[in-house]
Number of protein chains: 2
Amino acid sequence: MLMHNPPHPGEVIRELCIEPLGLSVTDVAKALGISRKTLSNILNGHAGISPEMAVRLSIAFNTTSESWLNQQLHHDLWFAEKERKKLKVKKLVA
Amino acid sequence: MLMHNPPHPGEVIRELCIEPLGLSVTDVAKALGISRKTLSNILNGHAGISPEMAVRLSIAFNTTSESWLNQQLHHDLWFAEKERKKLKVKKLVA
DNA sequence: TAAATTGTAACCCATAACGTTACTGGTTAC
DNA sequence: GTAACCAGTAACGTTATGGGTTACAATTTA
């Protein structure tokens with residue numbers, strides 16, 4: 001499964017949370033209680049969503065932390081699955 | 001949500017994958033292509049399931065990588081959510 | 001008794017999540 | 001046009017985590 005390259009959660013934050021509200025990155029970083037650099041890294045795909053960050057996002061944008069971590073999961077897994085064939089693993093169950 | 005403390009994925013691996021098959025930790029580590037210490041750390045809850053490890057488990061035990069990472073997600077989130085009230089975050093959406 | 005198994009301590013390395021400070025370039029406002 | 005704001009990011013440090021090797025102690029099994 002997981003057929004298409006899932007967007008990194010930063011894109012979703014920007015397009016669905018920040019831009020519609022007309023907020024600045026600086027203001028959102030302050031609201032989240034993190035540095036502007038940390039938020040910028042997330043928005044531009046240079047950092048992932050940590051469990052704590054998922055909770056912060058869920059508070060600020062009135063969502064669930066699980067949904068944010070799930071997006072990160074699918075993004076990480078898409079890259080990990082690309083390397084599946086390169087892993088030297090023996091099947092223990094048919 | 002997430003009412004009860006979810007078990008760490010290591011417990012699940014031991015109880016649902018290793019013990020039923022009568023395998024040794026040493027043998028499973030070799031099959032997974034990782035060190036015995038790394039597997040031991042996972043089994044005893046001293047390390048989490050990385051995306052790559054989820055893919056290894058999915059190959060060895062004929063499961064999905066997503067299911068393993070999802071268990072890790074819920075485990076991590078359970079601890080992160082416990083700190084929710086301590087986070088200084090301002091609501092941007094009602 | 002001898003061999004195998006397991007947990008783990010001690011050490012290494014690489015990566016990642018956070019922070020601060022500071023620079024640069026682009027927009028907006030006056 | 002100049003001052004203010006805004007965003008990306010480079011450079012630095014700290015802390016934590018995943019992974020490896022080696023080695024030891026305790027237990028189990030043959």
Exercise for review: Assess whether side chain to side chain contact (heavy atoms under 4.5 Å, CB included) is satisfied between B:N62 and A:K91, documenting all intermediate values.
Suggested key: CA-CA 7 Å; B:N62 196 28; A:K91 298 182 183 178; over 6 Å; no
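A:N44 comes within contact range of the sugar-phosphate backbone alone, with a heavy-atom separation under 4.0 Å but no base atom that close. Within the 4.0 angstrom heavy-atom criterion, only backbone atoms of the sugar-phosphate kind lie near A:T26; the bases stay farther away.
Position along DNA chain D of the nearest nucleotide to A:L23 versus B:H46 favours A:L23 as the more 5'-ward residue.
In this structure, B:Q72 contributes its side chain and B:I49 its backbone to a donor-acceptor pair below 3.5 Å.
In this structure, the NZ atom of A:K30 is 10 Å from the C1' atom of D:dC5, given to the nearest Å. As rounded to whole Å, 15 Å separates atom C1' of D:dT28 from atom CG of B:D27. Regarding B:E52, its CD atom lies at a distance of 13 Å from the P atom of D:dG18, rounded to whole Å. Rounded to an integer number of Å, the gap from CD1 of B:I18 to C1' of C:dT5 is 13 Å. In this structure, the NE2 atom of A:H8 is 13 Å from the P atom of C:dA17, given to the nearest Å. For B:L57 and D:dG19, the CG to P distance is 10 Å, given to the nearest whole Å. Distance, B:I42 CD1 to C:dT8 P: 14 Å, rounded to whole Å. Rounded to whole angstrom, the span from the CG atom of A:N41 across to the P atom of C:dT15 amounts to 17 Å.
Using modelled atom types and a 3.5 Å distance limit, the side chains of B:N41 and B:T38 yield no donor-acceptor pair. Inspection of the A:E66 and B:H74 side chains reveals an N or O donor paired with an N or O acceptor under 3.5 Å.
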Whether each nucleotide of nucleotides 19-29 of chain C has a protein heavy atom under 4.0 Å at its base (B), only at its sugar-phosphate (S) or at neither (-) is summarised, 5' to 3', as BB-B-------
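In this structure, A:R84 pairs ionically with A:E81, as a charged nitrogen and a carboxylate oxygen lie closer than 4.0 Å. We find that B:E11 and B:R14 are not joined by a salt bridge, their nearest charged nitrogen and carboxylate oxygen being 4.0 Å or further apart.
Note: A:W68 and A:F61 have tilted aromatic rings, judged against thresholds of 30 and 60 degrees for the angle between ring planes.
At the phosphate of D:dA7, neither OP1 nor OP2 sits under 4.0 Å from any side-chain N or O atom of A:S40.
Comparing C:dC18, D:dA7, C:dT6 against the side chain of A:S50 picks out C:dC18 as the nearest.
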